Novice: 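The structure under discussion is supplied below as structure tokens; questions concerning it will follow.
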Amino acid sequence: MTAGKNRIIDLRSDTVTLPTEEMLEAIRNAELGDDGYREDPTVNRLEEMAAKKMGKEAALLVPSGTMANLVSVMSNTRRGDCVILEAESHIYWYEVGGISAIAGVLPWPIRGHMGALDPRDVEAAIRPKNIHFPDTTLVCIENTHNRAGGTIITPQQIEALNKVAKEYGLKLYMDGARIFNAAVALKVDVREFTRHVDNLMFCLSKGLCCPIGSIVVGDGEFIERARKIRKMLGGGMRQAGIIAAPGIIALEKMIDRLEEDHVNARILAEGIAKIDGLNIDLRRVQTNIVLVDVSGLGVTADKFIAKLRDHGLLASYHSKNIVRMVTHYGITREHIEKALSIIEFVAKNLRYGNKS
Ligand code: TLP
């Protein structure tokens, strides 16, 4: 397991999770067919399950979250349209500019508050029909919000955003890569988060532990369009049941345990908050992500990450002074205690001037 054999504690991301034994077994035994003909029974079953779970008509399995976002933006827009999104969103930051380079849309970033767009800012950004302006057709939200620290956009906030979107005839799309983290944290059915968006995607390959896969969900017409665009992008798959089989286990068995990751993130964050020179905005620690500001130690995030690595703890870069740590399956309470002692040791050394 991630934190197993070589004693390295890997908090870089929940994407590092390995499939469970049960998932590997399910892959071995999956009933397969050619999904290009819609004949893979395991894929069909997963897509039906996913649509039902999200309270939408249909679903589509895609290889990655990045492709899910791109397929969805393309299925919701036409080239040249303007897309409103949060300035720190994954689509804007981490997807190699795909929505510009491939979808041909104009991203219109707006800064949110703890990851959430303010409906008034969205309304102000929607430009009227005018020969000079691109048509604004889509608003994208992210839930939980990765760069904001795994923060939750509440069902009420989504409803308010959708109200504005619908007033102006816009679609509302949710990058719900970690939407089950949000649902588990608020202890509500995931449909509370999906009912006010037109369509969304979620990832199987993060906290849910699958090796590959994300799912796009929406109405039947949207998913048909998405299926064709997935094909255009080279994402059409054949015996994809080997990907879908662990996805079924993920939906059946891996959701409720996310709570454990949230508890561990909280313990980690509260422990770090007590260490001199490190700063954490505890209001942001709502799910499984912890952002640590290391500027009080007079070092950059890169330097701090390198020091942690020397002691067997892996964390990831967020920005110049901020380090990200993510809890996930395979990270136990003991790993968190050990991680805290490494962080404390490294911070203490840096405080005493050893910055090399
Ligand atoms: N996020 C990864 C990195 O790309 C940063 C991570 O380690 O957190 N939406 C959101 C909100 C995501 O966090 C990610 C992955 C994606 C989309 C893309 O998913 P993949 O990696 O499957 O393309």
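Just so you know, residue 1 is the first one in the sequence shown, and it goes up from there. Ligands are counted one by one from 1 in listed order, and the atoms in each one are counted from 1 as well. These numbers were taken from a predicted model, which means no experiment stands behind them.
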Novice: Which of the numbered atoms in ligand 1 are below 4.0 angstrom from a heavy atom of Gly65?
Specialist: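 In order of numbering, the contacting atoms are 18 (C), 19 (O), 20 (P), 22 (O), 23 (O).
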Novice: For Glu123 and Tyr168, which I'm curious about, is there any donor-acceptor pair between the side chains at under 3.5 Å?
Specialist: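 Note: Glu123 and Tyr168 side chains meet the donor-acceptor criterion.
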Novice: Would you kindly say whether Arg284 and Thr151 are connected by a side-chain donor-acceptor distance under 3.5 Å?
Specialist: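 The criterion, which ignores hydrogens and geometry beyond distance, is not satisfied for Thr151 and Arg284.
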Novice: Using heavy atoms and a threshold below 4.0 Å, how should the contact between Ile91 and ligand 1 be classified: side chain, backbone, both, or neither?
Specialist: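 Neither part.
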Novice: Under 4.0 Å from a heavy atom of Glu95: which atoms of ligand 1 are those, numbered in the order shown and with their elements?
Specialist: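 In order of numbering, the contacting atoms are 17 (C).
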Novice: Between His262 and Asn181, do the side chains contain an N or O donor and an N or O acceptor separated by less than 3.5 Å?
Specialist: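 Indeed, the side chains of His262 and Asn181 share at least one donor-acceptor pair under 3.5 Å.
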Novice: Strictly distance-based, threshold 3.5 Å: is any side-chain N or O of Arg238 a donor or acceptor partner for the main-chain N or O of Gly33?
Specialist: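 Answer holds: no.
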Novice: With atoms numbered from 1 as shown, which atoms in ligand 1 lie under 4.0 angstrom from a non-hydrogen atom of Ser13?
Specialist: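 Reading through ligand 1 atom by atom, the close ones are 6 (C), 7 (O), 8 (O).
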Novice: Among side-chain atoms of Thr300 and Asp302, is any donor-acceptor pair under 3.5 angstrom?
Specialist: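 Checked: Thr300/Asp302 side chains show no N/O donor-acceptor pair below 3.5 Å.
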Novice: Is there a donor-acceptor contact under 3.5 Å from the side chain of Thr17 to the main chain of Lys206?
Specialist: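 Checking the backbone N and O of Lys206 against the side chain of Thr17, a donor-acceptor pair under 3.5 Å is found.
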Novice: Do any nitrogen or oxygen atoms of Asp175 come within less than 3.5 Å of a nitrogen or oxygen of ligand 1?
Specialist: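 So ligand 1 has an N or O lying under 3.5 Å from an N or O of Asp175.
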Novice: Tell me the contacting part of His318 for ligand 1: side chain, backbone, both, or neither, using a 4.0 Å heavy-atom threshold, strictly below.
Specialist: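 Within the 4.0 Å criterion, His318 makes no contact with ligand 1.
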Novice: Does ligand 1 have any atom sitting under 4.0 Å from a heavy atom of Lys206?
Specialist: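 A heavy atom of Lys206 does come that close to ligand 1.
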Novice: I'd like to check which ligand 1 atoms, numbered from 1 as shown, lie under 4.0 Å from a non-hydrogen atom of Ser64.
Specialist: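 Counting atoms of ligand 1 from 1, those under 4.0 Å from Ser64 are 22 (O), 23 (O).
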Novice: At less than 4.0 angstrom from any non-hydrogen atom of Met201, what atoms of ligand 1 do you find?
Specialist: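 Under 4.0 Å from Met201, ligand 1 has these atoms: 9 (N), 17 (C).
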Novice: Give the residue and atom name of whichever protein heavy atom lies nearest to atom 23 (O) of ligand 1, and the separation in Å to one decimal.
Specialist: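 It is Thr66 OG1, 2.6 Å.
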Novice: With sequence neighbours excluded, tell me which residues meet salt bridge (charged side-chain N to carboxylate O under 4.0 Å, His left out) with Asp40.
Specialist: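 Expected list: none.
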Novice: Closer than 3.5 angstrom, by distance alone: can the side chain of Asn162 be matched with the main-chain N or O of His196 as a donor-acceptor pair?
Specialist: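 Such a contact is found between Asn162 side chain and His196 backbone.
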Novice: Can you pull out the closest protein heavy atom to atom 5 (C) of ligand 1? Residue, atom name and distance to 0.1 Å, please.
Specialist: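 Minimum-distance protein heavy atom for atom 5 (C) of ligand 1 reads His90 NE2, 3.7 Å.
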Novice: Which protein non-hydrogen atom lies closest to atom 11 (C) of ligand 1, naming both residue and atom, and how far is it?
Specialist: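 Going atom by atom, the protein heavy atom closest to atom 11 (C) of ligand 1 ends up being Glu142 OE2, 3.4 Å.
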Novice: Say whether Arg178, considering both its backbone and side-chain N or O atoms, lies within less than 3.5 Å of an N or O atom on ligand 1.
Specialist: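 Right, the criterion is met.
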Novice: According to side chain to side chain contact (heavy atoms under 4.5 Å, CB included), who are the partners of Ala116, at least two apart in sequence or on a separate chain?
Specialist: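 Result, side chain to side chain contact (heavy atoms under 4.5 Å, CB included) vs Ala116: Ile153, Gln157.
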Novice: Decide, yes or no, whether a salt bridge links Arg38 with Glu47 under the criterion of side-chain N to carboxylate O below 4.0 Å.
Specialist: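 Between Glu47 and Arg38 there is no salt bridge, as every charged N stays at least 4.0 Å from the carboxylate O atoms.
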Novice: Please check whether Asn146 reaches ligand 1 - meaning an N/O of the residue sits under 3.5 Å from an N/O of the ligand, judged on distance alone.
Specialist: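 Between Asn146 and ligand 1 (N or O atoms, distance only) the closest approach is under 3.5 Å.
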Novice: Is Arg12 close enough to touch ligand 1? Criterion: a residue heavy atom under 4.0 Å from a ligand atom.
Specialist: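 Outside the 4.0 Å threshold, so no.
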Novice: Can you find an N/O atom of Asp14 closer than 3.5 Å to an N/O atom of ligand 1?
Specialist: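 Checking ligand 1 against Asp14, no N or O pair falls under 3.5 Å apart.
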